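A short write-up of the structure that comes next.
Every chain is numbered from 1 and lettered A, B, ... according to where its sequence line falls, protein lines coming before strand lines. None of the values given here were measured: they were computed from a predicted structure.
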Amino acid sequence: MRRLFLANLLMLLRNRQALFWTLFFPLMFMLIFGLFFGREIASVGTMAVIKQSDTALATSFTDTLSKVESVKTTTEYSTIDAAKEAMRQNEVLAVVVIPAGFGDVTQPNAPTTVTLITDPGNAASNAIFVSIVNSILTQFNYQTTHTQPIFTIDAQSATTHTVTYFDFVMVGILGMAMMNSSIMGLAVAMTTYREDQILKRMTTTPVPSWKFIVAEVLSRLILNFVQISIILAIGIWVFHGHIYGSIWILYIIALLGAIMFQLIGFLIAGLCNTTRAAEGMAQAIAIPMMFLGGVFFPTDSLPKWIAGIVHFLPLEPLLRTLRQVGIDGLSPFTQPQNLAIIGGWIVILLIISSRTFKLHEG
Amino acid sequence: MNAIEVTNLTKEYPHLTAVNNVSFNVAVGEVFGILGENGAGKTTTLEMIEGLRRPTSGEVTVLGHNVRTELGAIKQKIGVQLQSSAYYKYLTVTEILRLFGGFYEKSLPAAQLLKMVGLESKAKSLIGQLSGGQQQRFSIAASLVNDPEIVFLDEPTTGLDPNARRRLWKLITDIKAKGKTIILTTHYLEEAELLADRVAIMDKGKIIVLDQTHKLVEQTKVPFVITAHLPKLAESTQKKLQKLGTLTTRGGKDDWFELGLKTQAKLNTALIEIAALKPDSITVKRATLEDLFIELTGKKLTS
C-alpha cells in the first residue's frame with residue numbers, strides 16, 4: 001500500500017493543472033474576501049492628523065487616536081491643503097485638525113474644537129471617524145470636568161476576542177476547499193481510471209481493493225493538508241485572519257470533513273459510468289452546498305425551511321464545528337450534534353459507496 | 001497437468017447469455033487462441049478465467065487452483081494484458097513497472113522487462129509519449145512483471161499497423177519460447193494461425209470448433225486446391241486425379257486445371273502425380289480459418 005500511496009502522491013504532484021486549480025480555486029476566494037474584508041476591523045482607513053498645538057491635551061489626543069485599532073493615523077501632512085489633496089488622491093480618508101492653542105489652559109479664549117474633514121463619498125467610514133473622535137473628546141470632557149457618565153453601554157461579544165467577517169469566511173473557504181477538491185477530485189479520478197481500464201487492471205493483480213482505495217484516500221488527504229496550510233497561512237499572515245482555537249484540532253476536523261466528501265466522490269464514481277457524468281453530478285452536489293451551506297454567510301439568514309435542510313447536509317455541520325474550534329476557541333465536542341451528523345454521514349456514505357463503487361463489474 | 005481447465009463455463013446477464021457452456025483445457029507451454037468476432041464471448045471467457053468476472057455456473061482451475069476459492073494464488077502466477085493500455089498517465093513506464101512489480105511476491109526488474117520488449121530507450125517516458133505499438137508492447141511487458149506462468153493477451157494487436165503487428169508477433173513468439181503458456185484472444189485469423197498451437201472459434205457465446213490450427217483448416221469443405229498449367233490431360237490421368245479429389249478446368253480453359261482435395265494425404269499423392277506431368281506452373285492454395293469461419297457461421301470475421 002505504501003508504494004501505491006507514494007505513486008498516487010507523485011501523480012497528484014505531476015498533474016500540475018489539477019493541482020493548480022485545487023489550490024488556486026479556494027485561494028481565489030481568499031484573495032477576493034481578503035482584499036475586501038481582510039483588514040475590516042484592523043483599519044477602517046487612514047486619518048491625517050494636522051497638529052497645530054503642542055499642549056499636553058493635544059498630544060494626549062493624538063496619542064489616544066493613534067492607539068485606536070480600527071483607524072490608522074499619519075502626521076506626514078503639515079498643512080490642511082496638503083492633507084485635503086491626499087484625501088482627493090484616496091491616500092487618506094479623513095483629516096483631523098487640532099488648532100493652535102487647543103488645550104492651552106492659560107488662555108481663556110483658547111480653541112476647544114477640533115475639526116474633522118471627511119469625504120462625503122465614504123459615508124460608512126465617516127461615521128466611524130466621527131464616532132472615534134467624538135468618543136475621545138467626550139472622555140477628555142469628563143476628565144476636565146471631573147464627572148462620570150451616568151448612562152453607559154456594556155457591549156459584550158459572545159467571544160472574548162475580535163472576530164471579523166473575514167475570519168468567518170476564511171473558515172468557510174477551508175470547508176469549501178475540502179468539499180470541492182474531495183468530491184470532484186475523487187469522482188473524476190475514479191471514473192477516469194474506470195474509463196482507462198486502470199481499475200480493471202488493478203483487479204488483475206493480487207492487491208486487495210481496500211488497499212487501493214485507502215492509498216487513494218490517504219494521498220488525497222496529504223493534498224488536503226497542504227490546502228489547509230496554504231489557506232490558513234495566507235488568511236492569517238496576509239489578511240490578518242484569526243484562529244483562536246487549537247490549530248491541530250482544526251486540521252483534524254477539516255481532514256475528517258475531507259474523508260466524508262471523498263466518500264461522496266466514491267459514491268458518484270459508483271453511480272456514473274463516464275467522467276463527464278461524474279463531473280456534472282459532483283457539481284450538482286457541491287455548488288448548492290457551497291452557496292447554502294454557510295461558506296460565505298451564516299445559514300441563519302436563509303429561509304427557515306431551507307436552513308432546516310441545510311443543517312443536516314454534510315457541509316454545514318462541518319463548518320459549524322470548524323468555526324466552533326477555529327473562531328470560538330471551543331472543543332469540537334461543545335456541540336456534539338454537529339460531529340454526530342458528520343459521523344452519521346460518514347457511516348451512511350461508507351455503506352452506500354461500498355455497494356455502488358466497484359473496481360470492476362463482476 | 002493442464003495449465004487451465006474450463007468445464008461447462010457459463011455467464012448469464014439479465015438479457016444475454018454471454019458465454020454458454022464452454023469447456024476446454026490448455027496445456028502447459030501451449031499458445032491457445034480464442035477467435036471470434038466482437039461480442040462472441042472471448043473477453044468474458046478470458047475474464048472469468050482470470051477471476052475478474054464471476055461465472056454463473058461452471059468450473060475453472062488455473063495451475064491446479066480453483067478460481068472461485070484460490071484467486072489470490074492464481075493472481076500471483078498469471079499476467080494479464082488488457083485490450084487498451086490501462087496504466088497511469090502521470091508515471092513513467094519504469095515507475096509503472098516498479099509499482100506493479102511491488103504487488104507480487106516475485107517480480108522482474110523494470111530494465112529487463114523494457115529490454116525484452118525493445119523499449120529500453122523509453123524508460124523515462126510517460127505512457128502517453130509512446131506510439132500505439134510501443135504502448136501495446138509496454139502493456140505486454142507489464143503483464144510479464146511477475147514472471148508469470150500463464151500470460152493472457154486480449155487482442156494485443158488491435159489497431160496496430162502491419163509492421164507494429166509483426167513486431168508484436170515476434171514478441172509473443174519469444175514469450176512462448178521461454179516456456180510460458182499463452183492465452184490469446186484475437187479477431188485476426190492470420191494472427192491465430194501464425195501464433196496459436198490450438199484455436200477455439202467462438203460464436204454467440206459458444207465454442208463452435210476447437211482444434212490444432214492445421215486440423216481446423218482440414219475441416220473446411222475443400223481444404224486444399226492445386227492449380228496447374230498443363231497440356232490437355234490424358235483420360236487415364238484425369239481418372240487418377242478424379243479419384244483423389246474434384247477436378248475442374250479453370251475459367252473454361254482446357255490447359256488450366258484445379259484439383260480440390262480434402263486431406264493432406266491426398267494432397268501429397270496428387271502433387272506427386274501432377275509433378276510427374278512437368279507442369280509449366282503449379283500452385284497450392286490452402287484454405288484459411290477465414291474460410292472455415294464463413295462455412296461455420298455464414299458470416300465474415302470483420303476486424
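- There is no contact between T56(B) and chain A, counting heavy-atom distances below 4.5 Å.
- Between F100(B) and R3(A), the closest side-chain pair of non-hydrogen atoms is not below 4.5 Å.
- Rounding to the nearest 0.5 angstrom, the gap separating the CG atom in L6(A) from the CG atom in L99(B) is 9.5 Å.
- Contact check for E95(B) versus L10(A): side-chain heavy atoms found under the 4.5 Å cut-off.
- Atom CG in L13(A) sits 12.5 Å away from atom OH in Y90(B) (nearest 0.5 Å).
- Each of V80(B), L71(B), L52(B) was checked for a side-chain contact (heavy atoms from CB on, under 4.5 Å) with T203(A), and the lone residue meeting it is L52(B).
- Residues Y87(B) and Q197(A) fail the side-chain proximity criterion, which asks for heavy atoms closer than 4.5 Å.
- We find the OG1-CG distance between T205(A) and N146(B) to be 9.5 Å, quoted to the nearest 0.5 Å.
- Partner Y88(B) forms a side-chain contact (heavy atoms from CB on, under 4.5 Å) with one of R201(A), R14(A), M11(A) and no other, that one being M11(A).
- Of all non-hydrogen atoms in F103(B) and P206(A), the two that sit nearest each other are O-CG, 3.6 Å.
- Neither the backbone nor the side chain of L199(A) comes within contact range of chain B; no heavy atoms are under 4.5 Å apart.
- With a threshold of 4.5 angstrom between heavy atoms, K200(A) approaches chain B through its backbone and through its side chain.
- Taking a 6.0 Å sphere around CZ of R68(B), one finds it holds more than 12 heavy atoms contributed by other residues, nucleotides or ligands.
- Most heavy-atom pairs under 4.5 Å with chain A, from the set A73(B), G102(B), G72(B): that is G102(B).
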